[in-house]
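To keep things clear, I will list the structure first and then write my remarks on it.
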Amino acid sequence: DTEVTQTPKHLVMGMTNKKSLKCEQHMGHRAMYWYKQKAKKPPELMFVYSYEKLSINESVPSRFSPECPNSSLLNLHLHALQPEDSALYLCASSQSPSAGITDTQYFGPGTRLTVL
Amino acid sequence: EDQVTQSPEALRLQEGESSSLNCSYTVSGLRGLFWYRQDPGKGPEFLFTLYSAGEEKEKERLKATLTKKESFLHITAPKPEDSATYLCACKSGGSNYKLTFGKGTLLTVNP
């Protein structure tokens with residue numbers, strides 16, 4: 001089973017709202033990722049958690065705040081977003097981020113976010 | 001800087017008309033090349049991982065191959081349900097986590 005789940009599927013929010021995206025995997029993977037994807041573009045990496053610790057932040061604005069409560073869950077907290085933040089937000093996970101091992105990232109279905 | 005280039009940007013085929021998609025890469029110390037399929041509004045679906053030149057992998061109508069400079073995704077006798085965007089991504093020796101993606105090939109298979 002290589003399933004990554006994401007909720008909600010769709011989210012519409014105003015620029016003053018606070019909302020959260022949720023991602024879950026039960027494959028025992030120890031690396032989890034957030035990506036942002038605009039229409040007709042490839043996914044862009046935002047954050048990486050490895051063994052529940054933030055390993056990479058690709059200079060993402062502070063209005064996006066990631067959280068990894070445990071090895072199966074990944075959240076993305078959203079606050080004071082801009083209309084240009086509207087996109088498909090993808091979560092992914094991979095088995096082992098250890099050096100020397102090339103592991104495959106498995107993506108969830110995504111959350112379609114619209115900021116009004 | 002790592003670069004991944006996919007061609008063509010878009011490809012239209014008739015059902016049953018076999019063809020190939022190309023992914024050329026310039027990556028420092030390739031550790032893996034990945035093919036994904038993505039349907040509109042959905043997350044990428046994993047297809048193949050290739051690790052070394054000469055490697056080939058097959059799944060139903062799809063076959064992926066790898067050389068030292070490029071990878072091909074061969075589609076044999078495609079069906080309309082094969083219509084999707086196909087993404088190629090590479091992982092270099094410089095990172096345990098980062099993938100460099102190509103811009104994708106939009107494949108349309110007409111019945």
Side-chain angles (χ1 to χ4, degrees), chain A residues 1-7 9-10 21 23 25 27 29-51 53-58 87-114, chain B residues 2-10 21 23 25 27-53 55 57 59 64 66 71 84-108:
Chain A
D1 184 14
T2 55
E3 187 177 24
V4 177
T5 59
Q6 291 187 243
T7 55
K9 291 184 179 180
H10 303 277
L21 310 184
C23 173
Q25 58 87 15
M27 297 177 279
H29 289 179
R30 303 312 301 272
M32 296 185 77
Y33 309 75
W34 280 116
Y35 286 86
K36 172 182 178 180
Q37 187 177 26
K38 300 284 259 183
K40 300 187 185 299
K41 300 286 187 181
E44 298 176 22
L45 184 65
M46 300 174 71
F47 302 103
V48 180
Y49 274 83
S50 176
Y51 294 94
K53 293 185 178 179
L54 183 64
S55 293
I56 294 178
N57 176 342
E58 290 287 277
L88 182 67
Y89 287 84
L90 296 164
C91 175
S93 71
S94 66
Q95 182 174 12
S96 173
S98 302
I101 297 174
T102 298
D103 56 338
T104 298
Q105 293 183 24
Y106 295 92
F107 287 83
T111 293
R112 171 65 62 188
L113 174 67
T114 302
Chain B
D2 297 338
Q3 287 191 326
V4 176
T5 303
Q6 291 188 246
S7 61
E9 290 185 10
L21 312 182
C23 171
Y25 62 90
V27 171
S28 175
L30 182 72
R31 292 174 56 188
L33 185 143
F34 306 85
W35 282 100
Y36 292 89
R37 169 200 169 120
Q38 187 171 26
D39 292 306
K42 297 188 177 181
E45 174 190 347
F46 169 70
L47 295 174
F48 304 108
T49 304
L50 301 168
Y51 294 102
S52 57
E55 191 174 2
K57 289 191 177 176
K59 178 182 178 181
L66 181 65
S71 176
T85 295
Y86 289 84
L87 292 167
C88 173
C90 292
K91 184 179 287 187
S92 72
S95 173
N96 288 336
Y97 311 106
K98 291 186 181 181
L99 296 177
T100 301
F101 280 90
K103 294 183 177 181
T105 294
L106 175 60
L107 175 66
T108 303

State, with a plain yes or no, whether a side-chain heavy atom of [X] is found less than 4.5 Å away from one of [Y].
{"X": "A:Leu45", "Y": "B:Phe101", "answer": "no"}
{"X": "B:Leu99", "Y": "A:Tyr35", "answer": "yes"}
{"X": "A:Asp103", "Y": "B:Lys91", "answer": "yes"}

Within 6.0 angstrom of A:Lys38 NZ, more than 12 heavy atoms from elsewhere: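 Count over threshold, so yes.
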
With sequence neighbours excluded, residues passing ring pair (Phe, Tyr, Trp, His ring centres under 6.0 Å) with B:Tyr86: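 For B:Tyr86, no residue satisfies ring pair (Phe, Tyr, Trp, His ring centres under 6.0 Å) once neighbours in sequence are set aside.
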
Heavy-atom closest pair, residues [X] and [Y]:
{"X": "B:Gly41", "Y": "A:Leu88", "value": "O-CD1, 4.1 Å"}
{"X": "A:Leu90", "Y": "B:Gly43", "value": "CD2-CA, 3.6 Å"}
{"X": "A:Pro42", "Y": "B:Gly102", "value": "CB-O, 3.4 Å"}

Contact origin within A:Glu58 toward chain B - heavy atom pairs under 4.5 Å: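 Side chain of A:Glu58 only, per the 4.5 Å heavy-atom cut-off to chain B.
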
A:Gln37 portion near chain B, given a 4.5 angstrom heavy-atom threshold: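 Answer is side chain: those atoms of A:Gln37 sit under 4.5 Å from chain B.
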
Nearest-0.5 Å distance, NZ of residue B:Lys42 to NZ of residue A:Lys9: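 Those atoms lie 8.5 Å apart.
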
Inter-residue atom distance B:Tyr97.OH - A:Tyr49.OH, 0.5 Å rounding: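 Answer rounded to 0.5 Å: 13.0 Å.
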
Region of B:Gln38 in contact with chain A, defined by heavy-atom distances below 4.5 Å: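 When you check distances to chain A, only side chain atoms of B:Gln38 fall under 4.5 Å.
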
